[in-house]
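Structure, as structure tokens:
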Amino acid sequence: MLIVSNWKAYIEAPDKARALLTRAKALARGTRTKIVLAPPAPFLGMLAATKRSNVGFAAQDISIAISGAHTGESTASTLRAAGASYAIIGHSERRAAGETLELVAQKMNRAQAQGLTPILCVGEQERDEEGKYLAFIREEIASALLALPVKERSGLVLAYEPVWAIGKSAAHAIAPLDLSEMVLYIRKVLAELLPGKSGARIPILYGGSVEPENARALAAASGIDGFLVGHASVDPATFSALVKSVS
Ligand code: PGA
């Protein structure tokens, strides 16, 4: 099980960031869960510099710029040098701020070129009776993957995050049965897009109101490989309860 903690802009004080890292290290030691923290970029270097760690780090986003005159941008190579080994790409909050399919595809390339494993986020705004959302998800996956060299197309983590379920509470998350259907669908799309069986190796995470109350049921029924957790990852006690419930 892989749990990626997306701290978003919730954590603003270095002390809180350090306390969460300490908790994450203890959880990673005591369970078989792999934990990857995605702190705000200014905290990445500070946290990742603390000796060798059993906890991994992710950038929350990367620039499409490679280097040079791009004031305010954090490039993939800078984030890699600061300690990230993953990069969240195409989070719905970035897409809502104007990130297009083309930009997401470019960022996938930038991440992989610098040795960062992309965590590609896809998810529909809403569900419709005719199942148009399925074609939407397919398009988000295809446009991001087909921009990569064929050999690199399975080097990612895929996070399914329905936008309608993000930032609420466990009662508003997807139902386990609906999640298992979605995982089957995503596996089918990956099998179509990728050569041979390589799509089967891509870990699929679920994100959207994962809390200690629902994590176990979601993990048990659905065939997912882990979670991308937002608000429930920024309180040490809540995060502990969540990790322990699935470990
Ligand atoms: P949430 O966020 O857990 O607060 O719903 C998940 C995400 O946006 O990655």
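We count residues from 1, following the sequence as given. All values reported here derive from a predicted model rather than from experimental measurement.
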*Reported CD1-to-CE distance for the pair I119 and M108, which is rounded to 0.5 angstrom*: 10.5 Å
*If you measure from CZ on F136 to CD on E126, what distance do you get to the nearest 0.5 Å?*
10.0 Å
Which residues share a salt bridge (Lys or Arg N to Asp or Glu O under 4.0 Å) with [X], sequence neighbours left out:
X    : result
R216 : none
K34  : none
E140 : R95
D61  : R94, K107

Does the side chain of [Y] come within less than 4.5 Å of [X]'s, by heavy atoms?
X    : Y    : result
L120 : L145 : yes
V243 : T31  : yes
L27  : F239 : yes
L79  : Q114 : no
T75  : I66  : no
I202 : L194 : yes
L218 : V246 : no
N109 : L148 : yes

Membership question, hydrophobic clusters at under 4.5 Å side-chain separation (ILVMFWY): are [Y] and [X] in the same one?
X    : Y    : result
I224 : V4   : no
V157 : L116 : no
F43  : L21  : yes
L134 : L179 : yes
I186 : L205 : no

side-chain hydrogen bond (donor to acceptor under 3.5 Å, both in side chains) partners for [X], two or more places apart:
X    : value
S247 : T33
E73  : S63
R23  : S240
W7   : none

*Please report the C-alpha distance between L37 and L20 in whole Å, then the side-chain angles of each, then the deciding distance to 0.1 Å, and finally whether the side chain to side chain contact (heavy atoms under 4.5 Å, CB included) criterion is met.*
CA-CA 9 Å; L37 304 179; L20 277 169; 5.7 Å; no
Donor-acceptor contact below 3.5 Å, side chain [X] vs main chain [Y]:
X    : Y    : answer
Q60  : A38  : yes
N214 : E211 : yes
Q112 : E152 : yes
S143 : E139 : yes
N6   : P39  : no
R110 : I64  : yes
T78  : S74  : no

Smallest separation among heavy atoms of [X] and [Y], with atom names:
X    : Y    : value
I62  : A111 : CD1-N, 3.6 Å
L193 : A142 : CD1-CA, 3.7 Å
A82  : A48  : O-CB, 3.4 Å
S198 : S154 : O-CB, 3.7 Å
H231 : Y10  : CB-OH, 3.6 Å
N54  : A28  : ND2-CB, 3.6 Å

_Considering only residues two or more places apart or on different chains, which pairs with a residue in residues 185-194 satisfy side chain to side chain donor-acceptor pair (under 3.5 Å)?_
R138-E192, R187-D225
*asked:* Going by salt bridge (Lys or Arg N to Asp or Glu O under 4.0 Å), name the pairs with one or both residues in residues 226-242, residues two or more places apart or in two chains.
replied: none
*Pair L242-T238, side chain to side chain contact (heavy atoms under 4.5 Å, CB included): steps then yes or no*: CA-CA 6 Å; L242 194 161; T238 308; 5.7 Å; no
In residues 85-93, what donor-acceptor pairs under 3.5 Å come from side-chain atoms, sequence neighbours left out?
residue: H91; atom: ND1; partner: E93; partner atom: N; Å: 2.9
residue: H91; atom: NE2; partner: E161; partner atom: OE1; Å: 3.3
residue: E93; atom: OE2; partner: K8; partner atom: NZ; Å: 2.9

*Whether over 12 other heavy atoms sit under 6.0 Å from E130 CD*: yes
*So M1 and F227, side chain to side chain contact (heavy atoms under 4.5 Å, CB included) or not? Walk me through it.*
CA-CA 8 Å; M1 174 92 11; F227 294 114; 4.1 Å; yes
*Between V36 and V55, does a side chain to side chain contact (heavy atoms under 4.5 Å, CB included) hold up when you go through it step by step?*
CA-CA 6 Å; V36 171; V55 168; over 6 Å; no
*Would you call the rings of Y206 and Y160 parallel, tilted or perpendicular if under 30° counts as parallel and over 60° as perpendicular?*
tilted
Result block: side-chain N/O donor-acceptor pairs under 3.5 angstrom for residues 162-178, not counting sequence neighbours:
residue: W164; atom: NE1; partner: E124; partner atom: OE2; Å: 2.9
residue: K168; atom: NZ; partner: W164; partner atom: O; Å: 2.6
residue: S169; atom: OG; partner: H172; partner atom: ND1; Å: 3.3

